[in-house]
Number of protein chains: 2
Amino acid sequence: MSPIDNTTKTATSQPLLDHFNKLIPLNQSERELVNAKFHPHLFLKKQFALQHGDVCQYFDFIVRGCLRLYKVDEKGVYHILQFATENHWISDLSSFHKRTKSGFDIDALEDTVVLRITYHDLIDLYVKAPKFDRIFRVLLENHFMQQQDRIGQLFSSTAEERYQSFLETYPHLLNRLSQVQIAAYLGVTPEFLSRIRGRIAKNDSR
Amino acid sequence: MSPIDNTTKTATSQPLLDHFNKLIPLNQSERELVNAKFHPHLFLKKQFALQHGDVCQYFDFIVRGCLRLYKVDEKGVYHILQFATENHWISDLSSFHKRTKSGFDIDALEDTVVLRITYHDLIDLYVKAPKFDRIFRVLLENHFMQQQDRIGQLFSSTAEERYQSFLETYPHLLNRLSQVQIAAYLGVTPEFLSRIRGRIAKNDSR
DNA sequence: CTACACCCATGACCTGGTTTAAGAAAGAGC
DNA sequence: GCTCTTTCTTAAACCAGGTCATGGGTGTAG
């Protein structure tokens with residue numbers, strides 16, 4: 001049972017309603033559908049939202065906190081594909097849409113409150129309000145573009161360039177994440193990230 | 001003017017109609033919409049379907065031939081994100097959907113026939129037949145998953161592992177592409193790919 | 001105050017992949 | 001048939017980044 005009761009529920013959905021309104025304004029019945037279909041859920045730090053091998057059942061919108069989507073390879077190395085903070089979405093979309101076992105994990109880097117919708121409720125939402133078909137197409141497009149940029153970066157940039165671009169794109173995350181997490185996102189070892197930072201600090205100081 | 005005249009047009013659309021039917025069966029009026037909205041186009045080898053700096057105007061379905069989607073980095077190195085052959089789709093979806101300048105190029109590795117739809121015709125198609133909203137969401141999902149797999153690979157596999165997995169996933173492409181193209185897809189130099197092949201041949205022979 | 005855990009930095013050495021260069025092989029144009 | 005361009009291979013020097021080991025800093029629980 002979620003630790004957040006029904007009286008606070010409408011208040012909790014507000015950030016999500018705002019988020020949708022920014023994309024395409026919703027009418028009253030659509031807002032009610034959102035309230036009915038999305039349920040708040042709290043994750044304590046280190047709790048899993050998805051474990052590999054399971055089918056991803058939820059599409060989560062972050063109200064407060066931070067989750068990460070990552071893969072653990074055969075050698076036990078962590079590779080973070082995505083951080084999600086306030087007003088962003090997270091899910092293994094492949095597993096979620098195809099109803100197949102996920103190869104990824106999602107867990108909480110901080111205590112985090114999400115609004116989540118199940119696969120079947122989302123389908124139902126599409127049927128009852130086709131506007132959401134379009135809204136979620138746009139969300140999918142945004143995720144797609146983000147991924148495309150990352151592939152471009154992984155191909156053609158050095159770790160230092162990727163770190164610089166991380167600093168520009170997510171300045172608010174720098175002090176919120178440990179360097180272990182950032183390194184796993186950049187695709188390097190923490191040791192090497194440390195050296196990069198040393199190099200940059202030296203160049204900046206003179 | 002496309003070198004393919006109207007009498008052959010219905011015949012040309014057949015592979016696309018088959019493709020849609022496999023996802024979700026179409027009715028007569030939807031088939032007619034497909035015929036009206038998608039136009040055949042021929043690319044000779046080396047011709048561009050998209051040049052970086054332009055907004056991507058088309059979503060292309062390959063009837064025959066092979067296109068590649070790639071990026072040229074600051075040092076002039078080619079990075080191929082996607083090959084598209086018969087019955088597959090290609091486009092810079094970011095540029096296409098957001099109407100922003102593309103950072104990618106698409107060109108023909110062989111003489112290629114595509115069926116293409118413009119952005120505005122696709123929007124019109126969504127309005128006239130919402131079934132396509134769903135069909136293209138599925139297509140987007142498939143592309144998304146493919147990208148996700150590639151990110152996973154770029155992160156955690158060596159070039160040799162990536163080559164082996166390329167062989168398994170696209171065995172039909174091996175003899176159709178030069179090693180320069182395959183290397184640009186794997187993200188290594190042709191020289192190093194050659195070494196990988198040498199190594200594998202040696203191991204296989206004993 | 002101490003002990004333990006975790007995070008970050010640094011250095012010595014190792015490896016996967018690049019660079020450069022050179023030559024062999026195979027088409028494609030004439 | 002020959003030349004020209006492109007494709008593939010091989011090898012040596014080099015570099016980005018990984019591995020392993022060490023030590024210091026900073027909580028935080030007892």
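In what follows, chains are A, B, ... by sequence order, proteins preceding strands, each numbered from 1.
In this entry the distance linking CZ of R199(B) with C1' of dG17(C) reads 10 Å, nearest Å. Taking atom CG of residue L193(A) and atom C1' of nucleotide dC8(C), one finds them 10 Å apart after rounding to whole Å. In this structure, the CD1 atom of I196(A) is 12 Å from the P atom of dA9(C), given to the nearest Å. Following rounding to the nearest Å, Q179(A) (CD) and dT10(C) (P) show an atom-to-atom distance of 11 Å. L177(A) has its CG atom 12 Å from the P atom of dC7(C), to the nearest Å. The CZ-P distance, from F155(A) to dT18(C), rounds to 11 Å in whole Å. The CZ-P distance, from R195(B) to dT19(C), rounds to 13 Å in whole Å. Here dA16(D) presents its P atom at 10 Å from NZ of K75(B), a figure rounded to the nearest Å.
A salt bridge is absent between R134(A) and E30(A); no separation between the charged side-chain nitrogens and carboxylate oxygens falls under 4.0 Å. By the 4.0 Å N-to-carboxylate-O rule, R137(A) lies close enough to E141(A) to be salt-bridged with it. A salt bridge is absent between D107(A) and K46(A): the closest approach of a Lys/Arg side-chain nitrogen to an acidic carboxylate oxygen does not fall below 4.0 angstrom.
S194(A) comes within 4.0 angstrom of a base, heavy atoms only. Counting non-hydrogen atoms under 4.0 angstrom, R197(B) reaches the backbone sugars and phosphates but no base.
Within the 4.0 Å cut-off from OP1 or OP2 of dT7(D), not a single side-chain nitrogen or oxygen of Q181(B) is found.
For the pair D60(A)/T112(A), no side-chain contact is recorded, criterion being any heavy-atom separation below 4.5 Å from C-beta on. Residues R150(B) and Y185(B) form a side-chain contact, since some pair of their non-hydrogen atoms from C-beta on lies under 4.5 Å apart.
Here dG17(D) is the nucleotide among dG17(D), dT18(C), dT19(C) with the atom lying nearest to any side-chain atom of T158(A). Nearest nucleotide to the S178(B) side chain, out of dT20(C), dG17(D), dC8(D): dC8(D). Considering only the side chain of A159(A), dG17(D) comes nearest among dA21(C), dG17(C), dG17(D).
Along DNA chain D, the nucleotide nearest E191(A) and the nucleotide nearest R162(A) are compared for position; the residue whose nucleotide lies closer to the 5' end is R162(A).
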